[in-house]
Trainee: 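Handing you a structure now.
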Amino acid sequence: MRFVLASQSPARLAVLKAAGVTPVVRVSGVDEDAVAAGLGEPTPASLVTALAVAKAEAVAVDERDAVVIGCDSMLLTADGQVQGKPATTEIARERWGRMAGTTGTLLTGHALLVVRDGEVVERVAEHEGTLVRFAEPTAAELDAYLATGEPLHVAGAFTLDGLGGWFVEGIDGDPSSVIGISLPLTRRLLRRVGLSVADLWQAPER
Ligand SMILES: Nc1nc2c(ncn2[C@H]2C[C@H](O)[C@@H](COP(=O)(O)OP(=O)(O)OP(=O)(O)O)O2)c(=O)[nH]1
């Protein structure tokens, strides 16, 4: 079965490959701001889920027979802000100034579509939330972390599995969801459409 990851995210691909699944990667090119603008006043969870659906749908149109998964991650901070990737170092610094020492929720929307004979025959979507307890980096540590550039490319300006890991005291929930795609949630979504992860383990990359 052809399994397509509708994402340019190296993190999502790495999570799947480490878990024994090598998907076909197709970048959706979805304008996330435009999708968000069309949602009115979404909750954070409905926002990431709608974005995940938009990404999966955009890729599914070009598939004939495949399972397509799209994801979107954002950080819901303790003070109620919903944050994607920081556009600049200064924005990342400002965010860390508010995040340090607090607990946020990393939300990842997931959408899984089954395409048969060019038609979407199944569409399931949910979100996963993982609590993330942030450490309090010193000013020097924060300067050094920002200087690596890593925070600019990731939702919430931190990573769990990269340099940001030094500044995560702990999590409560699914770690793979923080990195970018929840393995247990994806397994449940596959089951809802009558598929098993074992089907994916068996599917060679085409
Ligand atoms: N390695 C790693 N990456 C993370 C972590 N938290 C968030 N990210 C990355 C995963 C995604 O690439 C990015 C979240 O942004 P998006 O959900 O918009 O995905 P992105 O724009 O990267 O690709 P896509 O829109 O799916 O084509 O942040 C983490 O803890 N570790």
Side-chain angles (χ1 to χ4, degrees), residues 3-19 23-37 39 42 44-62 68-77 81-88 91-92 95-96 99 103-113 125-135 137 145-146 148-183 185-186 189:
F3 185 64
V4 179
L5 173 62
S7 175
Q8 65 81 29
S9 170
R12 294 192 173 113
L13 180 58
V15 167
L16 289 172
K17 290 180 87 167
V24 172
V25 173
R26 291 281 179 274
V27 181
S28 71
V30 160
D31 179 342
E32 297 184 32
D33 292 338
V35 172
L39 297 174
S46 58
L47 174 60
V48 294
T49 303
L51 287 168
V53 169
K55 295 175 188 181
E57 295 277 9
V59 168
V61 294
D62 295 327
V68 181
I69 187 153
C71 295
D72 189 76
S73 298
M74 291 194 177
L75 177 69
L76 175 59
T77 57
Q81 311 254 333
V82 180
Q83 298 180 344
K85 295 181 243 180
T88 66
I91 289 174
R95 286 185 183 178
W96 265 101
M99 277 157 57
T103 297
T105 306
L106 199 292
L107 294 167
T108 298
H110 296 63
L112 188 138
L113 276 57
E126 283 188 41
H127 76 278
E128 185 63 71
T130 306
L131 296 182
V132 181
R133 292 192 307 282
F134 295 107
Y145 182 48
L146 295 172
T148 69
E150 180 187 90
L152 298 184
H153 308 297
V154 293
F158 81 100
T159 61
L160 180 64
D161 57 325
L163 295 169
W166 295 102
F167 309 114
V168 174
E169 293 291 352
I171 66 169
D172 181 359
D174 171 16
S176 53
S177 185
V178 178
I179 299 169
I181 181 169
S182 169
L183 294 173
L185 174 53
T186 302
L189 293 177

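Remember, it's 1-based here, ligands and their atoms both numbered in the order they're listed.
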Trainee: Geometry only, no angles: is S28 polar-contacting ligand 1 at N/O separations under 3.5 Å?
Mentor: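 There is no such contact.
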Trainee: Counting from 1, what ligand 1 atoms have a heavy atom of D72 closer than 4.0 Å?
Mentor: 16 (P), 17 (O), 18 (O)
Trainee: Give yes or no for whether the N/O distance cutoff of 3.5 Å, strictly under, is met between L160 and ligand 1.
Mentor: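 Yes; at least one N/O pair falls below 3.5 Å.
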Trainee: Strictly below 4.0 Å, N to O, side chains only: are D72 and K55 in salt-bridge contact?
Mentor: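 Between K55 and D72 there is a salt bridge, with a charged N closer than 4.0 Å to a carboxylate O.
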Trainee: Locate the shortest heavy-atom distance separating V68 from A56; write the atom from each residue and the value.
Mentor: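 Smallest heavy-atom distance, with atoms named: CG1-O, 3.7 Å.
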Trainee: Which protein heavy atom lies closest to atom 21 (O) of ligand 1, and at what distance to 0.1 Å?
Mentor: K85 NZ, 2.8 Å
Trainee: Search all heavy atoms of V30 against all heavy atoms of A58 and return the closest pair with its distance.
Mentor: CG2-CB, 3.7 Å
Trainee: Quick one: closest heavy-atom pair of L107 and A45, and the distance?
Mentor: CD1-N, 4.0 Å
Trainee: Which residue, F158, F167, Y145, forms the ring pair (Phe, Tyr, Trp, His ring centres under 6.0 Å) with F134?
Mentor: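 Of the listed options, the one satisfying the test is F158.
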Trainee: Minimum heavy-atom separation for V53 and A125, please, with both atom names.
Mentor: CG2-CB, 3.7 Å
Trainee: Where do L146 and A92 come nearest, in terms of heavy atoms and distance?
Mentor: CD2-CB, 3.6 Å
Trainee: Note the single closest protein heavy atom to atom 26 (O) of ligand 1, along with its residue, its atom name and the distance in Å.
Mentor: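 Checked against all protein heavy atoms, atom 26 (O) of ligand 1 sits closest to S7 OG, 2.7 Å.
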Trainee: Just distances here: any N/O of G180 and N/O of ligand 1 closer than 3.5 Å?
Mentor: no
Trainee: Does any N or O of ligand 1 fall below 3.5 Å from an N or O anywhere on V27, backbone included?
Mentor: no
Trainee: What residue and atom, counting heavy atoms only, is the protein's closest point to atom 31 (N) of ligand 1, and at what distance?
Mentor: D161 OD1, 2.5 Å
Trainee: Atom 6 (N) of ligand 1: which of I181, V178, T159, T130 has the nearest heavy atom?
Mentor: V178
Trainee: In terms of residue, atom name and distance, what is the protein heavy atom nearest to atom 10 (C) of ligand 1?
Mentor: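 Here the nearest protein heavy atom works out to I179 O, 3.5 Å.
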Trainee: Starting from atom 28 (O) of ligand 1, find the nearest protein heavy-atom neighbour and note its residue, name and distance.
Mentor: A155 N, 3.0 Å
Trainee: Minimum heavy-atom separation for T159 and E150, please, with both atom names.
Mentor: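 Heavy-atom minimum between the residues: OG1-OE1, 2.8 Å.
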Trainee: Does S73 come within less than 4.0 angstrom of ligand 1, counting non-hydrogen atoms of the residue?
Mentor: yes
Trainee: My understanding is that we take every heavy atom of each candidate and find the minimum distance to atom 17 (O) of ligand 1. Doing that for E32, Q8, M74, R12, which one comes out nearest?
Mentor: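 Heavy atom nearest to atom 17 (O) of ligand 1 belongs to R12.
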Trainee: Using a 4.0 Å cutoff against the non-hydrogen atoms of A11, which atoms of ligand 1 qualify?
Mentor: 1 (N), 2 (C), 3 (N)
